[in-house]
Amino acid sequence: MCCHGDALVQRVCELYEQISSLESLKPSKDVNMLFTQLVLTCMPPSPIDVSKLCQGVQEIRSKLIRLCGEAEGLLENHFSTILGSYEHPLDHLTIFPYYSNYLKLSKLEFTILSQHFPHVPSKIAFVGSGPLPLTSIVLASNHLTTTSFHNYDIDPSANSKALGLVSSDPDLSKRMVFHTTDIMDVTNALKDYDVVFLAALVGMDKMEKLKIIDHLAKYMAPGATLMLRSAHGARAFLYPVIDPCDDLRGFEVLSVFHPTDEVINSVVIARKYAWPAQHSSPIDPQGLNAAPIILPNKCSGIEAFNPLLNHGNMMIEELAFEEQLS
């Protein structure tokens, strides 16, 4: 039951009921239609704060995010299988219906990364790459043409399909590596990466996401960059939200970018603190009794439009922090 009178929330609840009653979330006419309606409902800029909705809607949102994640995985798996049937799969990426969105999102993320990471990274990790690792492929092909990409996914089938897409390309087959493992089992190897990307659907609920972020904070190299995908406004019905002021312990948040066009995900960029030696492990490894951490104590958002990014309409929050004085 939807307990909120807002028309947008009411519509989202109605679509949830229809989506949750589907026999399968594999690509089909009905599935495609309902998820298209859901995305179009949630896409327009909205002042809604999903964290303040009633418990019933909160539960619907959590379930809806998982349904979206499952459907997205099935869609990528479907098209990865089709692409894998071609002799040169990368020549046919345009058959994926959201390929243009990935081109825009990857260009956006590269632009943001370039503003805060002045050098060309030598090694990037992408956590949650899936069977169709378009972000890695587009960044490696169009923007970071000398960087090596290490793609992490827990699903061996996904990695097998992804590897098949790049194996025939003489360049990408040398620069793209696929690791089948839970990122929570990766420790010292994380220190090798200049930049770590965390996919939006890695960590489907708040506690799961925070556990992964804390793990990255513990093992990434000091000064390394973390790129995360979040959601803003009504788009938070589709993807988990990262709160830059509360959720990124151990990281200095640099900027948060909220696209307002067809690119759904917000982008958060942060840098791991170079902790003094005595504070080198601020996160409790068990995630149970985290010791107090001295973090910046003010988080003020400045919302503006930046035409220099050449990315259509975009809301930008430059997060200015004041260090806590002792």
Side-chain angles (χ1 to χ4, degrees), residues 76 90 93 101-155 158-159 162-163 165-167 169-203 209 212-213 215-230 242 248 250-257 263 265-274:
E76 291 184 4
L90 300 187
L93 293 178
N101 286 32
Y102 274 92
L103 289 176
K104 292 180 179 180
L105 178 58
S106 297
K107 183 177 181 180
L108 167 62
E109 290 176 326
F110 171 70
T111 302
I112 296 168
L113 179 62
S114 299
Q115 289 177 348
H116 295 284
F117 193 97
H119 310 294
V120 177
S122 60
K123 291 178 70 174
I124 286 178
F126 193 96
V127 182
S129 47
L132 190 58
L134 284 176
T135 299
S136 292
I137 290 172
V138 172
L139 285 173
S141 301
N142 299 353
H143 305 294
L144 297 168
T145 56
T146 61
T147 303
S148 63
F149 286 76
H150 287 245
N151 301 281
Y152 287 86
D153 201 283
I154 200 169
D155 182 358
N159 275 338
L163 178 60
L165 298 182
V166 302
S167 59
D169 186 283
D171 175 37
L172 293 193
S173 60
K174 295 177 182 177
R175 293 193 291 122
M176 293 190 70
V177 182
F178 296 90
H179 303 274
T180 302
T181 185
D182 187 334
I183 197 62
M184 297 298 291
D185 295 328
V186 182
T187 55
N188 291 332
L190 286 169
K191 292 181 172 63
D192 296 338
Y193 303 112
D194 304 308
V195 182
V196 175
F197 280 78
L198 184 62
L201 294 173
V202 176
K209 182 80 76 175
I212 294 168
I213 291 172
H215 179 78
L216 295 175
K218 181 178 180 182
Y219 289 107
M220 283 173 60
T225 297
L226 178 62
M227 300 282 292
L228 309 99
R229 292 173 181 173
S230 182
I242 298 293
L248 291 166
F251 291 94
E252 173 194 6
V253 179
L254 304 175
S255 292
V256 181
F257 293 73
V263 174
N265 288 119
S266 300
V267 179
V268 181
I269 183 169
R271 181 183 296 123
K272 181 179 172 180
Y273 282 114

Where [X] and [Y] come nearest, the two heavy atoms and their spacing:
{"X": "A199", "Y": "G128", "result": "CB-O, 3.6 Å"}
{"X": "A200", "Y": "R229", "result": "CB-CB, 3.8 Å"}
{"X": "G223", "Y": "R271", "result": "O-CG, 3.5 Å"}
{"X": "D194", "Y": "F117", "result": "CB-CZ, 3.7 Å"}

For the [atom1] atom of [X] and the [atom2] atom of [Y], what is their distance to the nearest 0.5 Å?
{"X": "L248", "Y": "Y273", "atom1": "CG", "atom2": "OH", "value": "10.0 Å"}
{"X": "N159", "Y": "I154", "atom1": "CG", "atom2": "CD1", "value": "10.5 Å"}
{"X": "T135", "Y": "L103", "atom1": "OG1", "atom2": "CG", "value": "10.0 Å"}
{"X": "L254", "Y": "Q115", "atom1": "CG", "atom2": "CD", "value": "10.5 Å"}
{"X": "N151", "Y": "I124", "atom1": "CG", "atom2": "CD1", "value": "10.0 Å"}
{"X": "H143", "Y": "S106", "atom1": "NE2", "atom2": "OG", "value": "6.0 Å"}

Checklist line | Parallel, tilted or perpendicular, as decided by the 30° and 60° cut-offs, for the rings of Y193 and Y152 | finding: perpendicular

Next item on the list: Please state whether the rings of H215 and Y219 are parallel, tilted or perpendicular, taking 30° and 60° as the class boundaries.
Entry: tilted

Checklist line | For F126, the option from F149, F178, F197 that meets ring-ring contact (aromatic ring centres under 6.0 Å, His included) | finding: F197

I'd like to know if the side chain of [X] reaches the main chain of [Y], judged simply by a donor and an acceptor atom lying under 3.5 Å from each other, with no hydrogens or angles considered.
{"X": "S167", "Y": "S173", "value": "no"}
{"X": "D153", "Y": "T180", "value": "no"}
{"X": "K272", "Y": "A217", "value": "yes"}
{"X": "K191", "Y": "P222", "value": "no"}

Note to self: My understanding is that only residues two or more places apart in sequence, or in another chain, count here; which of them pass salt bridge (charged side-chain N to carboxylate O under 4.0 Å, His left out) with D171?
What the structure shows: R175

Notebook entry, point to check: Does the side chain of S255 come under 3.5 Å of the side chain of H116 through a donor N or O and an acceptor N or O?
Noted result: yes

Notebook entry, point to check: Step by step, would you call I213 with I242 a side-chain contact (heavy atoms from CB on, under 4.5 Å)?
Noted result: CA-CA 10 Å; I213 291 172; I242 298 293; 3.8 Å; yes

Check: Do you know which of L228, I112, V256, L113 makes side-chain contact (heavy atoms from CB on, under 4.5 Å) with V267?
Finding: I112

